[in-house]
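Within every chain, numbering begins at 1; the chains are lettered A, B, ... in the order of the sequence lines, protein sequences first and strands thereafter.
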Amino acid sequence: MKRFAGLSLLMDLVSALGSGESSVIDKSTIYKYNLPIMKKQNTHWADSTAEKITRQKGEKEQYVCASGITPSGTVHIGNFREIISVELVVRALRDMGKDVRFIYSWDDYDVFRKVPKNMPQAELLETYLRKPITLVPDTRYSYSSYAEANEKELEQILPQVGVEPEYIYQAQRYRSAYYAEGIRTALEHRDRIREILDEHRTTPLPEDWWPVSVFSSFTDRDNTTVLDWDGQWGLTYRCEDTGREETVDLRDCAVAKLPWRVDWPMRWSHEGVDFEPAGKDHHSEGGSFDTARRLVKEVYGAEAPVTFQYDFVRIKGRGGKISSSSGEVVGLPEVLEIYQPEIVRFLFAGTRPNSEFAISFDLDVLKIYEDYDKCERIYFGVQEVGEKKRAKESRIYELSQVHDVPKTMPLQVPFRHLCNLLQIHSGDVDAVLGQYELNREQKERLGQRARCAWNWITRYSPEDFRFHLQGQDDPRVELDEKQRSVLRALKVEVEKLVEHDEESLGTAIYDIARDAEIEPKELFSTVYRILIGKEKGPRLAGFIFTVGREKVLRILERYV
RNA sequence: GGGCCGCUAGCUCAGCUGGUAGAGCAACGCCCUUUUAAGGCGUGGGUCACUGGUUCGAACCCAGUGCGGCUCACCA
């Protein structure tokens, strides 16, 4: 870059001298070639975040990147943005040669506040309201709790997209009194914490407020009132459901928990978190990140992590909302049915976190696959683009890979073409793959893509895209003599298909129409009706090649 | 009310630490005696929301205005 800038300047100088016009070298010429020399090349957001972390946190033996959500419902694709954002930054740090601890916190000691719609045994679940979700039974599968069911559902699938964090279960930690020290510190700073929180509240916290909440050991519910703290480890509370009172020792009790706004900074300090992003609900002034930033400093004596705000993910081309309230949730499994793992990563790596984007299930799917393939061609230098764009796309490609970048460019079979091939073979993925010479890695990638294509065709594609080759069981189409003669002529051409290429076959088809004095349009619709039982179809010449000589002949023979 | 984000071609958007405004689709045109939902080639099209400022130079940085969206001020 520097060399080229200098070279250009030199050429400008030479041409200026040659023309004898000294005024050609004006200020703007000087600046134009000076300033870019100082300019850093533009970097991917994950890399610039990684740099920011090392800059702000200084050189460390290990950096801690944290992510976490509440498993109080099925984890949807919006939540996934949290995880993948951290994963990409983790990878960027590791690419800088840094050692990174990637932790993922399951907030499974949160309260079960309402029963999600469409849950089996809703009445049973009803009885667990106000208890921690880790104690709520799993009524869908056979996990030990509602929380665990949601956790495992995600944990099992994350490795497929290259995300393998260290999981931390907050319920387990709280219930083993692991955070006793952190809770005590909060109690010691009770007044300061209240002051800070009150700055952003409309109604101030009451005088008798304590920065801790308790799940009654009599009922497991959080309908309790903290009565006193002895300044050491003793906490006294009253269970409002039973009226009973109890004093517990923070060092060996399972019932005390910090409220979210205090819990978060406590954990930052406990784990030494260097980076943690958050959704926009946390990132407003007066939001929980804001108060946590102050609390971690003033109460726990630590610095807040580097952060950024990520926006929501919309869903396009699929009924139902992303949220769990509608019952139909779009989660990572649903997305992976349509998109290959590296393309799921590509979607998130290619979009800056702070902008909203949609995951599409409609026709956009075709474009996304084309975009990914283009990105891949640019990475492997098969498609030429400007240097700036090449650098950018290449980095996105690297970050999109689940593991290592392939050594050679994978065979690219366009998604759209796969859709046709699969329909010709009635969804038989192996039959389609069998047409290609593939090594193991290619076979795996293409197999995934083929399964996605079949899923898309059968579940989401517009009716226009769907067809199936007519077989012996399908009803014969009524034809007149003219149409039959056209089919006979076509059969002749198909029999000598090896002599044709797509173009010559196309020409031959038009010749047939002209000779028979039939409108090409009618010819096409006739052929489509007998081949796939529809009025229209993919471009015919290419389609005949794709279907193959034998299959086409078998169908034609029914009519001649 | 506070905060954040967005406003770029007819549409969807890219362009992001300042250096001659881009892509896809749409439109229009041309091509093969030739287009059916996927052909090839080409063309046109933008006061980068607005007003100021900084700068040799601003879509980009700063201040403000307008419009749209989200979010916090309960809980997590």
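For the C1' atoms, the distance from B:A73 to B:G10 is 42 Å, rounded to whole Å. Annotation: B:U33 and B:G22 have their C1' atoms spaced 39 Å apart (nearest Å). Separating the C1' atom of B:G24 from that of B:U20 is a span of 23 Å, rounded to the nearest Å. Taking the P atom of each, B:U43 and B:C48 are spaced 23 Å apart, rounded to whole Å. Going from the P atom of B:U36 to that of B:A27 covers 14 Å, rounded to whole Å. Comparing the P positions of B:U17 and B:G6 gives an interatomic distance of 14 Å, to the nearest angstrom. Taking atom P on both B:C4 and B:C61, the two are 14 Å apart, rounded to the nearest angstrom. Straight-line distance between the C1' atoms of B:C5 and B:A37: roughly 37 Å, to the nearest whole Å.
Test A:F275, A:F289, A:Y300 against A:W268 for ring-ring contact (aromatic ring centres under 6.0 Å, His included) and you get one pass: A:F289. Test A:F312, A:Y310, A:Y104, A:F348 against A:F80 for ring-ring contact (aromatic ring centres under 6.0 Å, His included) and you get one pass: A:F348.
Between the side chains of A:S461 and A:R466, at least one donor N or O lies within less than 3.5 Å of an accepting N or O. A donor-acceptor contact closer than 3.5 angstrom links the side chains of A:T225 and A:E240. For A:Q170 and A:Y179, the side-chain atoms include at least one donor-acceptor pair closer than 3.5 Å.
To the nearest angstrom, C1' of B:A37 lies 13 Å from CZ of A:F524. In this entry the distance linking CZ of A:F308 with P of B:C16 reads 19 Å, nearest Å. In this entry the distance linking CD1 of A:I396 with P of B:A14 reads 12 Å, nearest Å. In this structure, CZ of A:R293 is placed 14 Å from C1' of B:C4, rounded to the nearest angstrom. Taking atom CG of A:L540 as the reference point, atom P of B:A37 lies 13 Å away to the nearest angstrom. Atom pair A:Y310:OH and B:G6:C1' shows a separation of 20 Å (rounding to whole Å applied). Atom CG of A:D515 is separated from atom P of B:U33 by 14 Å (rounded to the nearest Å). Atom P of nucleotide B:U36 and atom CD1 of A:I532 are separated by 15 Å, given to the nearest angstrom.
Closest approach to the A:F465 side chain among B:A37, B:A14, B:U36 is made by B:A37 (side chain taken as heavy atoms from C-beta onward).
Among the atoms of the strands shown, none is found under 4.0 Å from any heavy atom of A:S48. Residue contacts shown for A:N420 include a base, since a base heavy atom lies under 4.0 Å away.
For B:A37, the OP1/OP2 oxygens have no side-chain nitrogen or oxygen of A:R416 closer than 4.0 Å. For B:G15, one of the phosphate oxygens OP1 or OP2 lies less than 4.0 angstrom from a side-chain nitrogen or oxygen of A:K392.
For A:R190 and A:W209, the positive end is not near the middle of the six-membered ring at less than 6.0 Å and at most 45° from its axis. For the pair A:K257 and A:F215, the NZ or CZ position fails the cation-pi test of under 6.0 Å to the six-membered ring centre and within 45 degrees of the ring normal.
Of the residues near RNA chain B, A:D511 and A:K367, the one whose nearest nucleotide (by heavy atom distance) lies more toward the 5' end is A:K367.
Smallest separation of non-hydrogen atoms from A:Y339 and A:Y369: CA-OH, 3.2 Å.
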Protein-nucleic acid N or O pairs under 3.5 Å, nucleotides 69-73 of chain B:
unit_1 : atom_1 : unit_2 : atom_2 : d
B:C70  : O2'    : A:K280 : NZ     : 2.8
B:U71  : O2'    : A:K280 : O      : 3.1
B:U71  : O2'    : A:S284 : OG     : 2.9
B:A73  : OP1    : A:R261 : NH2    : 3.1
B:A73  : O3'    : A:T202 : N      : 3.4
B:A73  : O2'    : A:H200 : O      : 2.9
B:A73  : O2'    : A:T202 : N      : 3.3

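The aromatic rings of A:Y372 and A:F346 lie perpendicular to each other, with more than 60° between the two planes, well past the 30° mark.
For A:D281, there are no salt bridge (charged side-chain N to carboxylate O under 4.0 Å, His left out) partners two or more places apart in sequence or in a different chain.
A salt bridge links A:K367 with A:D371: the closest approach of a Lys/Arg side-chain nitrogen to an acidic carboxylate oxygen falls below 4.0 angstrom.
Counting distance only, with no hydrogens placed and no angle test, the side-chain atoms of A:R539 and the base atoms of B:U36 include no donor-acceptor pair under 3.5 Å.
Annotated stems with RNA chain B as a participant read B:1-7 with B:66-72, B:10-13 with B:22-25, B:27-31 with B:39-43, B:49-53 with B:61-65, given as range with range, by first number; only runs of 3 or more Watson-Crick or G-U pairs under 3.5 Å qualify.
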